[in-house]
Amino acid sequence: MTVSWPFVRLAGAVALSAVPLAQAQAQAQVANAPVGQTGVGQGPVTPASSYVLGPNDEISVTVFGQDSMSSKTRIRADGTITAPFLGVVQAAGKTTAQLGTELSQAYVRGGYLSKPSINVEITAYASKTATVLGAVPNSGLYPIDRPYTVSAMVARAGGPRIDGANAVILTPVGGQPVRISLADLAGGASRMVQPGDTLFVPTAESVYVYGEVNKGGAYPIQPGMTFRQALALAGGPTLAGSVKRIEVRRGGQKIDKPDLDMVVQPEDVLVIKEKWF
């Protein structure tokens, strides 16, 4: 039997919290932006079973065999949704499986359905996001739809660009910025990202290679880089250049007896001089 219904609002239901227009527009933009612009995807997405629903997440509730009772809705600012016959239902703070089970039990208790089969699916993430900025190909907002480490979240944004540092400055909500090496996979890079975190990948610091080299210029410094490696990035010495006649300037001062196997520091200048004939 097909059931037609009006929305029934339970007595004492919490009223919809007022949301400033600018905030509502920003939330809608986050939830509906295409991938590659904010990193927040559209369309059905299978979340991790541990994902906890929050305000402004959009969900699809499917009651199999009862199309009129199925709906797509956005969780309100107070964490509630309105379900057919049940009225206002708390959705925030629950997983999709928990919400589906509670809806099924409520329909049985109310005598509306005997053995309901209900599926709850997230169609847009908006309540839990992190921001990735800086020298990455795809900066923007990314949903925390499952557990992510710092390195994994940066990878979602495409990883550091060629001019980006192999590091990230993590600013947690209400906390102080901390610089984390992305190479430290057993340490800071394995730190879990929390909702509201901002991850900024800075532009890589440079070493400058000039003189008798094939491609002089500035080159991004990688952890542990030596002058020999920097010289290789510059295409090596020309036929007239000598790796035995080098000059290194650091902080405006020349370094005595420099060696190509010395570790580079930011803003170092390496000059390859001509051979003595």
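Just so it is clear, the model here is predicted, and its values are computed rather than measured.
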What is the minimum heavy-atom distance between [X] and [Y], and which atoms define it?
X	Y	answer
Ala130	Met153	CB-CE, 4.3 Å
Val136	Ala157	CB-O, 3.8 Å
Leu99	Ala91	CD2-CB, 3.9 Å
Pro55	Ala77	CG-O, 3.8 Å
Asp197	Pro172	OD1-CA, 3.2 Å
Ala83	Tyr107	CB-OH, 4.0 Å

Subject >> salt bridge (Lys or Arg N to Asp or Glu O under 4.0 Å) involving Lys72 - partner list, sequence neighbours excluded >> reply: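 Not a single residue meets the salt bridge (Lys or Arg N to Asp or Glu O under 4.0 Å) criterion with Lys72.
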May I ask you to decide if [Y]'s main-chain N or O and [X]'s side chain share a donor-acceptor pair within less than 3.5 Å?
X	Y	value
Lys128	Val52	yes
Gln98	Thr95	yes
Ser242	Lys244	yes
Ser190	Gly187	yes
Asp57	Ser127	yes
Asp184	Ala189	no
Ser71	Val61	no

Discussion item. Tell me whether Ile255 shares a hydrophobic cluster with Ile221, the cluster being built from Ile, Leu, Val, Met, Phe, Trp, Tyr side chains joined at under 4.5 Å.
Written reply: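 As far as the 4.5 Å side-chain criterion goes, Ile221 and Ile255 are connected within one cluster.
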Enter the distance from [X]:[atom1] to [Y]:[atom2] here, rounded to the nearest 0.5 Å.
X	Y	atom1	atom2	result
Ile118	Thr101	CD1	OG1	9.0 Å
Asp268	Arg249	CG	CZ	11.5 Å
Lys215	Thr238	NZ	OG1	14.0 Å
Gln265	Glu205	CD	CD	10.0 Å

Using the rule given for ring-ring contact (aromatic ring centres under 6.0 Å, His included), can you reason through Tyr51 versus Tyr125, listing the C-alpha separation, both sets of side-chain angles and the distance that settles it, and then say yes or no? CA-CA 10 Å; Tyr51 182 83; Tyr125 295 91; 5.0 Å; yes
Partners of [X] by side chain to side chain contact (heavy atoms under 4.5 Å, CB included), sequence neighbours excluded?
X	answer
Gln229	Met225, Thr226
Arg161	Ala135, Pro137, Asp163
Val178	Leu170, Ile180, Arg191
Asp256	none

Tell me every residue that passes side chain to side chain donor-acceptor pair (under 3.5 Å) with [X], counting only those two or more places apart in sequence or in another chain.
X	answer
Arg245	none
Asn214	none
Ser181	none
Thr149	Ser151

Tell me who clusters with [X], hydrophobic residues only, linked when side chains sit under 4.5 Å apart either directly or through other members.
X	result
Val271	Tyr208, Tyr210, Val269
Leu133	Ile169, Phe200
Val263	none

Report task. For the residue pair Val213 and Leu231, establish whether any side-chain heavy-atom pair is separated by less than 4.5 Å. Result ->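 Yes, at least one pair of side-chain atoms sits under 4.5 Å.
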Taking side chain as C-beta onward, heavy atoms only, is Asn56 less than 4.5 Å from Arg74?
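Touching, per the 4.5 Å side-chain cut-off.
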Check against side chain to side chain donor-acceptor pair (under 3.5 Å), Glu121 and Ser60: CA-CA 5 Å; Glu121 185 178 62; Ser60 173; 5.1 Å; no
Residues [X] and [Y]: side-chain donor-acceptor under 3.5 angstrom:
X	Y	value
Asp145	Tyr142	no
Gln90	Thr80	no
Arg146	Tyr148	yes

**Study point:** Intermediate values then yes/no, salt bridge (Lys or Arg N to Asp or Glu O under 4.0 Å), Glu212 and Lys273
**Key:** CA-CA 6 Å; Glu212 292 297 331; Lys273 297 183 178 181; over 6 Å; no
Worked verdict on Ile59 versus Leu53 for side chain to side chain contact (heavy atoms under 4.5 Å, CB included) = CA-CA 9 Å; Ile59 60 174; Leu53 296 169; 3.9 Å; yes
